[in-house]
Asker: 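After the structure tokens below, expect a handful of questions from me.
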Amino acid sequence: TPGDDKDDDDDDAKARAVLAALGGNLTPPGDYDAFSDLLGREFALLPEDRDLVLMRHDLVLRDPGSRRRRLLSSTLEVVGDAAPGDSAMAKTVGLTAALTARLAFIDDGTPVPVPEGGLLLPTHPSIYPGLLAELAARGIAFDHQEVDLCDSD
């Protein structure tokens, strides 16, 4: 049953067995750390390797007042640099986090005043436009396309 400690113990034992079968050891303090250590060793990028981040969103919009339909597509493609350059993951995840943190502070290091207070998502209007502009200046931006669709009815 969910939340049952016995089920959690069984899951932990299964995870440890899989980790051991894959050659992982539990030297780091915890199963997640051990799994991360295993992934880092087994799937590390070689100097000549490059990674790729590819994301696509397709939306079909139908105008309720007419029969017009449109396909809106947004595509992001970021190719990582060969070593010692930045991976695509570093460019899209790490850089985004760093820029978000930088946008949260004024040049002198004081936090940007946020009327709402508390924690904000990076998509908050006080952060998002500046973040998108910073990323675009570094070549990280979605390509947007719109296509009219023929009506098949």
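Computed over heavy atoms, backbone and side chain alike; hydrogens, waters and symmetry mates excluded. No experiment lies behind these values; they were computed from the predicted model shown. When a residue number appears, it is its place in the shown sequence, counting from 1.
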Asker: Would you tabulate the side-chain donor-acceptor contacts of residues 73-80 under 3.5 Å, counting partners in other chains and residues two or more places apart, or write 'none'?
Answerer:
{"from": "Ser73", "atom 1": "OG", "to": "Arg56", "atom 2": "NH2", "distance (Å)": "3.1"}
{"from": "Ser73", "atom 1": "OG", "to": "Asp58", "atom 2": "OD1", "distance (Å)": "2.7"}
{"from": "Ser74", "atom 1": "OG", "to": "His144", "atom 2": "ND1", "distance (Å)": "2.7"}

Asker: Nearest 0.5 Å please: distance from the CG atom of Asp51 over to the NZ atom of Lys91.
Answerer: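 Result: 8.5 Å between the selected atoms.
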Asker: Check salt bridge (Lys or Arg N to Asp or Glu O under 4.0 Å) between Asp148 and all other residues, then give those that pass, not counting sequence neighbours.
Answerer: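 For Asp148, the residues satisfying salt bridge (Lys or Arg N to Asp or Glu O under 4.0 Å) (neighbours in sequence not counted) are Arg68.
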Asker: So, do Leu99 and Arg138 sit near enough that their side-chain heavy atoms are less than 4.5 Å apart?
Answerer: yes
Asker: Say whether Val53 and Val93 are linked into one hydrophobic cluster, either directly or through other cluster members, by side-chain heavy-atom distances under 4.5 angstrom.
Answerer: yes
Asker: What verdict does the side-chain contact (heavy atoms from CB on, under 4.5 Å) test give for Leu95 and Glu134, after you've listed the backbone C-alpha separation in whole Å, the side-chain angles of each residue and the deciding distance to 0.1 Å?
Answerer: CA-CA 10 Å; Leu95 180 60; Glu134 290 270 358; over 6 Å; no
Asker: Quick test of your reading: applying ring-ring contact (aromatic ring centres under 6.0 Å, His included), list the pairs with at least one residue in residues 47-84, sequence neighbours left out, ordered by first then second residue.
Answerer: His57-Phe142
Asker: Donor-acceptor pair, distance only, cut-off 3.5 Å: does the side chain of Arg69 make one with the backbone of Asp63?
Answerer: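 No; judged by distance alone, with no hydrogens or angles, the pair does not exist.
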Asker: Shortest non-hydrogen contact from Thr96 to Thr100?
Answerer: O-OG1, 2.7 Å
Asker: Going from CD1 on Ile140 to OG1 on Thr92, what distance comes out if it is rounded to the nearest 0.5 angstrom?
Answerer: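 So the CD1 of Ile140 and the OG1 of Thr92 are separated by 6.5 Å.
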Asker: How far does CZ of Arg70 sit from CG of Leu149, to the nearest 0.5 angstrom?
Answerer: 10.0 Å
